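All values below come from the heavy atoms of this structure, side chains included, with hydrogens, waters and symmetry mates left out. Every chain is numbered from 1, with letters handed out A, B, ... down the list of sequences. Since this is a predicted model, take the numbers as computed values, not measurements.
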Number of protein chains: 2
Amino acid sequence: MNVDEALTILKEHGYKYTGKREDILSFFATEDRYRTAKDLLQYMEPNYSGISFDTIYRNLHLFREVGILESTDLNGEKHFRMKCAHHHHHHFICKDCGLTKEIETCPMETVKTELQSFAIEDHKFEIYGLCPACQ
Amino acid sequence: MNVDEALTILKEHGYKYTGKREDILSFFATEDRYRTAKDLLQYMEPNYSGISFDTIYRNLHLFREVGILESTDLNGEKHFRMKCAHHHHHHFICKDCGLTKEIETCPMETVKTELQSFAIEDHKFEIYGLCPACQ
DNA sequence: TCACAAAACGTAATGAATACGATAAAATGT
DNA sequence: ACATTTTATCGTATTCATTACGTTTTGTGA
């Protein structure tokens, strides 16, 4: 997803356009990997000195709710990345740099037969390690 | 894993026996599901009034390190459960009560072919939802 | 039973995330 | 263009889980 697509989604949901939001989106559009709220704050600081935590977190959660970002818990800290909306898949995640690689394998179909009487709402399949550059 | 097996593991690693440790272990031996540090603290409080956070967390991490417990992050809070050591498997986890059900399916073999140049260190496959009792 | 290493206590500190009243800014209708 | 309304942001305080640490207590092996 690119910045324009994301801004369109925002507008469709009736949310306003601001310079900060565009900058947040372009941060994630450029970084094709999982980043933390702190990473984003450090990126924003130079241009918007004194930007508040509220703004960072509110927008991160808003963007996730409307489907612009996706998130995962990595050692106790929430990480965010631009959502890849084209099809269902999972991620390899580099422990060092947060880089992600798409995994096509998804075992949910076979798993469903194992969970007949359970109400499945969600699932998480992540592989962790080091990417070629970080090895 | 039962309490005696766990105590044996502790002794093998040269750690000491204490009443608190046995109680912590019997808590997890009884509860066949993911529990938080707070859950454990509430269980210990009546018998050991004034037990400290240090004791709780130190033992939880120790037990995980020697392979007595396994842990996962669930909405920003670490959850622990007795490790089922017999064979590799994953879990369905109930969002309400933390109950777990073993899943035999593990897609790592096929995934490895997708990640030739990546150093795989770990993986997580969890299914979330409601167990029959909580629906 | 004595000495020493490990465990626990009590409490303070850290760090991520959330909350909130006040202010500012963007969209909308006239 | 202007006023109105709605949303966004600021500044800061608070919550909550977790970690840290100096001191005291307690197992354990000689």
Side-chain angles (χ1 to χ4, degrees), chain A residues 6-27 34-66 68-81 98, chain B residues 3 6-27 34-66 68-69 71-81 98:
Chain A
L7 287 174
T8 303
I9 293 178
L10 272 187
K11 176 155 264 177
E12 278 169 3
H13 284 80
Y15 292 108
K16 295 184 175 166
Y17 166 87
T18 69
K20 287 194 190 69
R21 287 190 167 160
E22 179 164 349
D23 272 22
I24 293 174
L25 291 171
S26 71
F27 170 73
Y34 276 110
R35 309 274 71 189
T36 65
K38 177 158 288 181
D39 292 333
L40 175 59
L41 189 65
Q42 279 166 7
Y43 169 82
M44 301 290 282
E45 261 289 330
N47 306 330
Y48 304 95
S49 160
I51 187 169
S52 93
F53 284 100
D54 200 353
T55 304
I56 297 291
Y57 282 107
R58 195 170 13 75
N59 281 312
L60 285 175
H61 291 148
L62 171 64
F63 290 170
R64 187 185 47 189
E65 245 165 56
V66 300
I68 293 172
L69 297 179
E70 57 190 308
S71 74
T72 190
D73 264 350
L74 252 63
N75 22 314
E77 202 173 350
K78 285 202 187 76
H79 287 61
F80 298 83
R81 58 158 292 141
Chain B
V3 176
L7 287 173
T8 304
I9 292 177
L10 272 188
K11 177 156 261 175
E12 277 168 2
H13 284 80
Y15 292 107
K16 295 184 176 167
Y17 166 86
T18 69
K20 287 195 190 67
R21 285 189 170 164
E22 180 166 349
D23 273 22
I24 293 175
L25 291 171
S26 70
F27 170 72
Y34 276 110
R35 308 275 69 189
T36 65
K38 176 158 289 179
D39 291 334
L40 176 58
L41 189 65
Q42 280 167 5
Y43 169 82
M44 301 290 281
E45 262 287 331
N47 306 329
Y48 304 95
S49 159
I51 188 170
S52 93
F53 285 100
D54 200 354
T55 304
I56 297 290
Y57 281 107
R58 194 167 16 73
N59 281 310
L60 284 176
H61 290 148
L62 171 64
F63 292 169
R64 188 184 46 190
E65 245 165 55
V66 300
I68 293 172
L69 297 179
S71 73
T72 190
D73 265 350
L74 252 62
N75 21 313
E77 202 173 349
K78 285 200 186 76
H79 287 61
F80 298 84
R81 56 159 295 140

Check your understanding: Starting at the 5' end of DNA chain D and moving along, which residue's nearest nucleotide shows up first, Lys11(B) or Asp73(B)?
Key ->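 This one resolves to Asp73(B).
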Have a look at [X] and say if it touches a base, only the backbone sugar-phosphate, or nothing, with a 4.0 Å heavy-atom cut-off.
{"X": "His61(B)", "value": "sugar-phosphate"}
{"X": "Ser52(A)", "value": "base"}
{"X": "Tyr15(A)", "value": "sugar-phosphate"}
{"X": "Arg58(A)", "value": "base"}
{"X": "Gly14(B)", "value": "nothing"}

Report yes if at least one side-chain N or O of [X] is closer than 4.0 Å to OP1 or OP2 of [N]; otherwise report no.
{"X": "Lys38(A)", "N": "dG15(C)", "result": "no"}
{"X": "Lys20(A)", "N": "dA8(D)", "result": "no"}
{"X": "Thr55(B)", "N": "dC9(C)", "result": "yes"}
{"X": "Thr36(A)", "N": "dA16(C)", "result": "no"}
{"X": "Tyr17(B)", "N": "dG27(D)", "result": "no"}
{"X": "Tyr57(A)", "N": "dA17(C)", "result": "yes"}

Review point. Within the modelled atom types, does a donor on one side and an acceptor on the other bring the side chain of Lys16(A) and the base of dT6(D) under 3.5 Å apart?
Key: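 Between dT6(D) and Lys16(A), which were checked side chain against base, a qualifying N/O pair under 3.5 Å is present.
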Whole-Å gap separating [atom2] ([N]) and [atom1] ([X]):
{"X": "Asn75(A)", "N": "dG15(C)", "atom1": "CG", "atom2": "P", "result": "15 Å"}
{"X": "Arg64(B)", "N": "dT18(D)", "atom1": "CZ", "atom2": "P", "result": "10 Å"}
{"X": "Asp54(A)", "N": "dC20(C)", "atom1": "CG", "atom2": "P", "result": "11 Å"}

**Study point:** Closest listed nucleotide, where the reference is the side chain of Arg21(B) and the choices are dC10(D), dA7(C), dT9(D)
**Key:**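 The answer is dA7(C), which lies nearest to the side chain.
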Review point. Only one of Glu12(B), His13(B), His61(B) clears side chain to side chain contact (heavy atoms under 4.5 Å, CB included) with Val66(B); which?
Key: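 Of the listed residues Glu12(B), His13(B), His61(B), the side chain to side chain contact (heavy atoms under 4.5 Å, CB included) partner of Val66(B) is His13(B).
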Check your understanding: So does Tyr17(B) have more than 12 non-hydrogen atoms from other groups sitting under 6.0 Å from OH?
Key ->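 Yes.
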Point to revise | Side-chain (Asp23(A)) to main-chain (Lys20(A)) donor-acceptor, under 3.5 angstrom | key: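 Side chain of Asp23(A) to backbone of Lys20(A), a donor-acceptor pair under 3.5 Å: no, none is there.
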Point to revise | Arg21(A) side chain vs Lys16(A) backbone, donor-acceptor pair below 3.5 Å | key: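 Yes, Arg21(A) side chain to Lys16(A) backbone: donor-acceptor pair under 3.5 Å.
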